[in-house]
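Along the sequence shown, the residues carry numbers beginning at 1. Keep in mind that what you see is a predicted model, and the values were worked out from it rather than measured.
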Amino acid sequence: MTHVVHPSALAEPAATRPLAGKAALVTGSTSGIGLAIADELATNGAAIVLNGFGYRAEIDGLCQELGSRHGVPVRYDGADVGRPKAVTRMVEMIIAAFGRLDILVNNAGIQHVAPIEAFPPEKWDAILSIDLSAAFHAIRAALPGMRARGWGRIINVASAHGLVASAYKSAYVSAKHGIVGLTKVTALEAAEAGITCNAVCPGYVWTPLVEKQVAAQAAAHGISEEEVIRTVMLAEQPTRRFVTVEEIADVASFLCSSAAASITGTAIPVDGGWTAH
């Protein structure tokens, strides 16, 4: 990310690709929900910066594939979002490379499950750092440019656990509740600047990571994978099916559209009815 992409290289008629000319950063986007969001934003014409962990050769291939398929610039920044200075530096580098950052999707997150009295303090610190503080540092760095251009879209991927709690997830639930609060404050502060900020709150989403968890739970408890899905993972999700990454991506894309210009400060459940209880 050392060369500048001239703004004209991002341009295309807005009628066909509504995000043409925009640049987007999606954290935690080398797989799963983040990758699906990046793919959908690229479909709509946005230049993309991916961020997350993985083998560099595979990530380079992913950038090339996305860029070729959608005809947009796609870059990668490997910043560790658990480090505040790295987050700020990433945003600054994106602005230097593209001349702008219009869409910020804070998606990176980690999880650990344990009772409070057995919860490792270092796990608490790491989860709060990556799941909550990273979003603050990215928003703080991105807002001035968005204000200067009079347009911006900030989407925080929270969770149904940003609205309700589950036992043994103290750090994750606290971080996701914090993300919802940060979303509201950001929306209020940026409301007159043409910037919206919203949280998307998924329930259980089918990703490669969840697929592995299903198999592990089935082996650990001596039950079928179908039983794990229905009685453990989807017990609180009335639809009894996983949310798809494409559904989350479509909601994020909508929030970037002109139709969502007056939607800000919200926490939108995409959870199969989980939080309707």
Side-chain angles (χ1 to χ4, degrees), residues 26-40 50-59 61-62 65-66 78 80-82 105-116 118-120 122-124 126-131 157-176 179 200-252 269-277:
V26 185
T27 67
S29 54
T30 50
S31 65
I33 292 171
L35 180 56
I37 292 174
D39 186 77
E40 182 63 22
L50 300 178
N51 161 263
F53 297 120
Y55 294 108
R56 187 56 194 260
E58 293 179 3
I59 293 170
L62 181 60
E65 190 273 329
L66 278 177
D80 178 353
V81 297
V105 182
N106 291 303
N107 171 71
I110 59 173
Q111 171 66 290
H112 184 78
V113 178
I116 290 173
F119 209 98
E122 64 274 14
K123 291 291 187 182
W124 170 277
I127 290 169
L128 268 290
S129 176
I130 292 172
D131 293 22
V157 179
S159 167
H161 282 119
L163 304 170
V164 296
S166 291
Y168 311 122
K169 298 181 179 180
S170 56
Y172 188 79
V173 170
S174 297
K176 294 303 185 180
I179 279 286
V200 180
C201 300
Y204 271 108
V205 180
W206 186 253
T207 64
L209 180 61
V210 168
E211 186 175 5
K212 291 177 183 177
Q213 290 175 348
V214 169
Q217 290 258 13
H221 298 289
I223 58 177
S224 70
E225 292 188 7
E226 292 74 17
E227 193 171 353
V228 169
I229 289 170
R230 186 163 186 85
T231 65
V232 180
M233 289 194 162
L234 298 183
E236 299 296 331
Q237 206 149 300
T239 56
R240 293 297 190 268
R241 72 168 182 85
F242 286 98
V243 180
T244 68
V245 294
E246 291 80 11
E247 288 169 337
I248 304 300
D250 285 344
V251 173
V270 188
D271 63 3
W274 183 343
T275 54
H277 285 292

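- Evaluation of the salt bridge (charged side-chain N to carboxylate O under 4.0 Å, His left out) test over residues 233-247, restricted to residues two or more places apart or in two chains, returns R241-E247.
- To the nearest 0.5 Å, the span separating CZ on R230 from OG on S224 amounts to 11.5 Å.
- The two residues I223 and E227 make their nearest non-hydrogen contact at CB-OE1, 3.6 Å.
- Counting heavy atoms from C-beta outward, L163 and W274 have side chains that stay 4.5 Å or more apart.
- Taking every heavy atom of both residues into account, V157 and K176 meet most closely at O-NZ, 3.1 Å.
- The side-chain contact (heavy atoms from CB on, under 4.5 Å) check on P120 picks up H112, E122, K123, with sequence neighbours excluded.
- Within the 4.5 Å cutoff, the side chain of D131 has heavy atoms near those of the I110 side chain.
- Between Y204 and V232 there is no side-chain heavy-atom pair separated by less than 4.5 Å.
- In plain terms, the two heavy atoms of F119 and A114 that are nearest each other are CD1-O, 3.4 Å.
- Taking OG1 from T275 and CD from Q237, the interatomic distance works out to 9.5 Å, rounded to the nearest 0.5 Å.
- If you take CG on N106 and CD1 on I130, they are separated by 13.0 Å, rounding to the nearest 0.5 Å.
- Here the shortest heavy-atom pairing between V173 and S166 reads CG2-N, 4.0 Å.
- Minimum interatomic distance between G28 and A108 (heavy atoms only, all atoms of both residues): N-CB, 3.9 Å.
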Quiz item: Hey, mind stepping through L66 and L35 against side chain to side chain contact (heavy atoms under 4.5 Å, CB included) and telling me if it holds?
Solution: CA-CA 10 Å; L66 278 177; L35 180 56; 4.1 Å; yes
Exercise. Decide side chain to side chain contact (heavy atoms under 4.5 Å, CB included) for Q213 and M233; before the verdict, give the C-alpha distance in whole Å, the side-chain angles of both, and the deciding distance to 0.1 Å.
Key: CA-CA 10 Å; Q213 290 175 348; M233 289 194 162; 3.6 Å; yes
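- One finds the OG1 atom of T30 at 7.5 Å from the CG atom of N51 (value rounded to the nearest 0.5 Å).
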Self-check item: Worked check of side chain to side chain contact (heavy atoms under 4.5 Å, CB included) between V200 and I33
Solution: CA-CA 11 Å; V200 180; I33 292 171; over 6 Å; no
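- One distance of note links CG of D39 with OG of S29; it measures 11.0 Å at 0.5 Å rounding.
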Quiz item: Step by step, would you call V164 with H277 a side chain to side chain contact (heavy atoms under 4.5 Å, CB included)?
Solution: CA-CA 10 Å; V164 296; H277 285 292; over 6 Å; no
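- Checking each of D271, I248, V251 against P202 for a side-chain contact (heavy atoms from CB on, under 4.5 Å) leaves exactly one that passes, namely I248.
- We find the SG-CD1 distance between C201 and I179 to be 10.0 Å, quoted to the nearest 0.5 Å.
- Across G32 and V245, no two heavy atoms sit closer than the pair C-CG1, 3.9 Å.
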